[in-house]
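Reviewing the structure listed below.
Below, each value reflects all heavy atoms present in this structure, side chains not excepted, and no hydrogens, waters or symmetry copies. Proteins get letters first, then strands, A, B, ... in listed order; numbering begins at 1 in each.
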Amino acid sequence: MKNIILIVLLVLMLGSSFAFEPVTDSIDIIAGSTNTTYSTTIDLIAGVSEQGNSDSFYGN
Amino acid sequence: MTIITITTVLILGLVYLFYKQIRKFNKYIYGLCVIIGIISFTQETTIINMGYVGLSFFLVVMFTGVIDKSEMKKRLAGTRAELAIIGTIFVAVHGLKFIVFAIDYGFLWTAPFYFYLGVASVFIVIPLFITSFLIIRKKMKGKTWKNLHKLSYLFYLLVGLHLVFMNNDRIFFYIGIFAVYLITRIWTYFEKKLAKKPQPKPIQQKTTQSA
């Protein structure tokens with residue numbers, strides 16, 4: 001009974017993840033580039049990029 | 001969410017198909033994971049550095065304890081130590097990456113609360129990692145090992161809080177996963193307790209024999 005519930009939940013999770021997160025964003029993060037779906041706080045702290053735009057160079 | 005779910009499904013599939021090989025060649029697999037972890041550490045953003053792969057391994061380890069008896073449970077339980085060790089390797093890469101990042105950018109002591117939850121969980125997992133190796137486990141008493149590994153619940157709690165306090169787009173996903181784990185854990189606990197309860201002996205009727 002429990003196993004069936006867990007399998008159903010896993011399938012639902014997989015389905016909802018494909019529905020809510022663009023597959024291209026997932027492929028991007030595997031390739032190493034963050035995006036709006038997988039944006040990291042670290043990016044913001046480091047000043048690398050914000051809201052998908054690159055900050056100007058040298059901390060402007 | 002997609003990365004975590006797909007990685008979890010992949011791990012389940014690989015364990016189901018190759019559980020014997022995972023146990024047989026575990027040392028080589030650990031070595032390979034350490035190499036992959038080191039390479040990942042030198043990169044900026046990878047799914048290992050971000051903690052997704054480590055989390056996937058630990059989701060499998062967590063839920064192994066709550067699923068019902070089945071062929072899948074047998075294979076998962078047989079490789080649980082290996083999965084936990086591999087998960088720890090990848091979690092350590094994630095933790096170290098962010099600790100080094102925090103030191104480099106000077107926010108080690110002013111980081112968000114979830115950062116310290118993550119650091120605490122990395123420290124908690126160290127004794128669990130060490131005692132997951134059979135060579136160490138054999139030197140411990142069974143009861144001591146079992147009591148020590150109750151710390152894994154604290155580890156899961158810290159990881160869950162770490163993820164929830166990040167308050168990102170996947171917060172409800174994380175709350176859902178850990179809520180399901182908590183419910184199934186409690187369910188399993190009561191199932192085992194009821195199973196252990198001694199069954200009342202059937203009353204034997206005395207028959208009188210005629211002379």
Side-chain angles (χ1 to χ4, degrees), chain A, chain B residues 1-9 12 40 43-53 59-60 62-64 66-73 76 94 97-98 100-102 104-107 110-112 114-115 166-170 172-174 176-177 179-181 183-185 187-188 191:
Chain A
M1 171 74 171
K2 230 189 290 163
N3 290 359
I4 294 166
I5 293 171
L6 289 172
I7 289 169
V8 166
L9 286 173
L10 183 61
V11 170
L12 281 172
M13 216 163 70
L14 201 55
S16 59
S17 64
F18 283 128
F20 290 110
E21 290 175 358
V23 178
T24 48
D25 283 358
S26 302
I27 294 166
D28 279 345
I29 194 69
I30 294 170
S33 68
T34 53
N35 43 57
T36 48
T37 303
Y38 295 101
S39 63
T40 58
T41 312
I42 290 299
D43 271 357
L44 300 172
I45 291 166
V48 170
S49 58
E50 198 166 326
Q51 303 300 331
N53 302 314
S54 293
D55 285 349
S56 53
F57 218 53
Y58 295 121
N60 266 354
Chain B
M1 200 161 118
T2 311
I3 304 288
I4 295 167
T5 323
I6 291 176
T7 313
T8 305
V9 169
L12 288 169
S40 177
Q43 305 303 306
E44 284 300 316
T45 309
T46 67
I47 55 174
I48 294 170
N49 288 350
M50 305 255 299
Y52 297 138
V53 175
L59 287 178
V60 174
M62 271 165 63
F63 279 92
T64 299
V66 300
I67 60 176
D68 288 333
K69 266 186 189 174
S70 56
E71 185 58 32
M72 189 77 217
K73 169 137 189 168
L76 282 172
H94 165 66
K97 185 75 183 174
F98 276 80
V100 166
F101 203 91
D104 277 351
Y105 281 85
F107 64 89
T110 53
Y114 63 80
F115 174 85
M166 275 199 289
N167 197 23
N168 62 18
D169 293 339
R170 289 175 289 286
F172 295 112
F173 167 70
Y174 297 135
I177 286 185
V180 166
Y181 175 69
I183 291 165
T184 47
R185 196 77 204 79
W187 182 349
T188 308
E191 258 182 353

Side chain, backbone, both or neither of B/Leu12 within contact of chain A (heavy atoms, under 4.5 Å): side chain
Pairwise distance OG1(B/Thr5) to CG(A/Leu12) - rounded to 0.5 angstrom: 11.5 Å
Rounded distance [0.5 Å steps], CD1 in B/Ile4 versus CD in A/Glu21: 8.5 Å
A/Leu6 and B/Val180, any side-chain heavy atoms less than 4.5 Å apart: yes
A/Lys2 (side chain) donor-acceptor with B/Thr184 (main chain) under 3.5 angstrom: no
Point-to-point distance, once rounded to the nearest 0.5 Å, from OG1 of B/Thr8 to CE of A/Met13: 6.0 Å
Chi angles and distances behind the side chain to side chain contact (heavy atoms under 4.5 Å, CB included) call for B/Trp187, A/Ile5: CA-CA 13 Å; B/Trp187 182 349; A/Ile5 293 171; 3.8 Å; yes
Over 12 foreign heavy atoms within 6.0 Å of CD, B/Glu191: yes
